[in-house]
Amino acid sequence: MKDQVLLIPLGPVPAELLSWLAEPLAGATGREVAVGEPIPLPQAAYNPHRRQYLGDLLLAALPADLCPAGSRVLGLADADCYAPGLNFIFGQATMNGRRAFVALPRLRPSFYGRPEDLNLFRERTLKEAVHELGHTWGLPHCPNPRCVMHFSNTLRDTDVKGAAFCARCRRRLDRSREG
């Protein structure tokens, strides 16, 4: 199957989140979405001083060879993550590559001491998943704060943006599919 997105739990991830995410992610990306078998969080990625996982090593652990050419692997990690020079990341992707992941903890209201809100958490997860997949298709960050490809420096940025590509990013995405 060409142009599929394979969701891979990196360590324990709520099964209901995976099953829920498949449908709206397929609608937002125009790709078939399947859920794969979980793989363990790579312990080599864990930085005990930061109590976070290094995003580059999570990306490297994702098995892109599990699905055919043209497909993407999207990991979901229920672990706090970072990249060099950043305090944290909501996710990371290989630009024009096949691997991306979303880090779930900071998308939960309870991470900030607020009451849990399942719908808000799901919405944030969808936005970050579409955003990271957009990078795998070559899309850069977008200046439009409502576009899913807008950079989320804070959770407020994620809440403001939508789960859809703006017209400009949609055209770029469509061109990337043609080429």
Side-chain angles (χ1 to χ4, degrees), residues 3 5-8 10 13 17 21 24-31 33 41 45 47 50-62 64 71-114 117 119-177 179:
D3 291 342
V5 174
L6 182 63
L7 291 176
I8 300 282
L10 284 161
V13 172
L17 178 64
L21 184 57
L25 189 57
T29 63
R31 307 305 204 269
V33 177
L41 278 165
N47 181 328
R50 294 181 66 125
R51 290 185 257 167
Q52 293 175 301
Y53 286 81
L54 180 60
D56 289 336
L57 296 180
L58 265 60
L59 278 179
L62 289 169
S71 295
R72 302 296 188 263
V73 176
L74 177 67
L76 292 179
D78 209 349
D80 197 23
C81 297
Y82 75 100
L86 298 174
N87 290 331
F88 70 91
I89 53 175
F90 294 125
Q92 189 172 329
T94 304
M95 185 66 88
N96 288 310
R98 296 182 62 195
R99 296 178 175 112
F101 77 88
V102 173
L104 301 173
R106 291 177 187 261
L107 301 176
R108 288 188 177 93
S110 59
F111 186 88
Y112 307 94
R114 300 214 164 129
D117 183 333
N119 290 331
L120 181 59
F121 171 63
R122 285 176 169 178
E123 180 182 315
R124 289 170 172 170
T125 301
L126 174 63
K127 290 174 185 181
E128 292 305 322
V130 174
H131 177 93
E132 297 305 339
L133 286 168
H135 287 316
T136 69
W137 292 309
L139 296 179
H141 287 138
C142 179
N144 180 343
R146 300 277 182 212
C147 178
V148 73
M149 291 310 298
H150 188 71
F151 177 68
S152 289
N153 193 42
T154 67
L155 197 53
R156 184 177 187 290
D157 296 327
T158 299
D159 289 341
V160 166
K161 69 184 176 183
F165 300 101
C166 69
R168 187 178 120 217
C169 288
R170 175 56 69 188
R171 283 191 302 277
R172 283 181 157 178
L173 181 60
D174 291 343
R175 279 196 303 268
S176 77
R177 287 181 185 174

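Predicted, not measured: the structure shown is a model, and the values here were computed from it.
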| Salt bridge between Arg108 and Asp78, side-chain N to carboxylate O under 4.0 Å? | yes
| said: Closer than 3.5 angstrom, by distance alone: can the side chain of Glu128 be matched with the main-chain N or O of Leu104 as a donor-acceptor pair? | reply: no
| request: Step through the shown structure and confirm whether more than 12 heavy atoms of other residues, nucleotides or ligands are within 6.0 Å of CZ on Arg50. | output: yes
| remark: Correct closest heavy-atom pair for Asp56 and Gln92 would be OD1-NE2, 2.5 Å
| query | Is the side chain of Arg98 donor-acceptor paired with the backbone N or O of Ser71 at a distance under 3.5 Å, no angle test? | reply | yes
| said: Using side-chain heavy atoms (C-beta onward) and a distance below 4.5 Å, is Phe165 in contact with Asp174? | reply: no
| query | Can you check whether Gln52 reaches Pro105 side chain to side chain, under 4.5 Å on heavy atoms? | reply | no
| So, do Asp159 and Leu120 sit near enough that their side-chain heavy atoms are less than 4.5 Å apart? | yes
| Rounded distance (nearest 0.5 Å) linking atom NZ of Lys161 with atom SG of Cys147 | 8.0 Å
| task | Start with the C-alpha gap between Lys127 and Arg124, add the side-chain angles, then the distance that decides, and say whether side-chain contact (heavy atoms from CB on, under 4.5 Å) holds. | result | CA-CA 5 Å; Lys127 290 174 185 181; Arg124 289 170 172 170; 5.7 Å; no
| field | Point-to-point distance, once rounded to the nearest 0.5 Å, from CH2 of Trp137 to CZ of Arg172 | value | 15.5 Å
| field | Note, Leu54 side chain near Tyr82 side chain (heavy atom, < 4.5 Å) | value | yes
| note | Scanning both residues in full, the closest heavy-atom pair of Val130 with Ala163 reads CG1-O, 3.8 Å
| How many angstroms lie between atom CG of Leu57 and atom CG of Leu62, to the nearest 0.5 angstrom? | 11.5 Å
| note | For Ser152 and Thr158 the tightest heavy-atom approach is OG-OG1, 2.8 Å
| Does Val160 offer a backbone N or O that forms a donor-acceptor pair with the side chain of Arg146 under 3.5 Å? | yes
| said: To check you understand the geometry: which heavy-atom pair defines the closest contact between Leu17 and Val13, and what is its length? | reply: CD2-CG1, 4.4 Å
| field | Ala103 versus Ile89, closest heavy-atom pair with distance | value | CB-O, 3.8 Å
| query | Is any side-chain heavy atom of Thr94 closer than 4.5 Å to a side-chain heavy atom of Thr136? | reply | no
| Spacing of Met149 atom CE and Leu133 atom CG [to the nearest 0.5 Å] | 9.5 Å
| Is there a side-chain contact between Arg122 and Thr125, using heavy atoms and a 4.5 Å cut-off? | no
| said: Less than 3.5 Å apart, any donor N or O on the side chain of His131 or His150 sitting next to an acceptor on the other? | reply: no
| said: A side-chain contact here means heavy atoms from C-beta on lying under 4.5 Å apart; do Tyr53 and Leu10 qualify? | reply: no
| Taking C-beta and beyond as the side chain, do Phe101 and Glu132 meet within less than 4.5 Å on heavy atoms? | no
| query | What distance separates Asn87 CG from Arg106 CZ, expressed to the nearest 0.5 Å? | reply | 7.5 Å
| message | I'd like to know whether Asp157 forms a side-chain contact (heavy atoms from CB on, under 4.5 Å) with Phe151, so could you lay out the CA-CA distance, the side-chain angles of the two residues, the decisive distance to 0.1 Å, and finally the verdict. | response | CA-CA 7 Å; Asp157 296 327; Phe151 177 68; 5.7 Å; no
| query | Looking at Leu139 and Leu173, what are the two nearest heavy atoms and their distance? | reply | CD2-N, 3.9 Å
| field | Pairwise distance CG(Leu126) to CZ(Phe121) - rounded to 0.5 angstrom | value | 11.5 Å
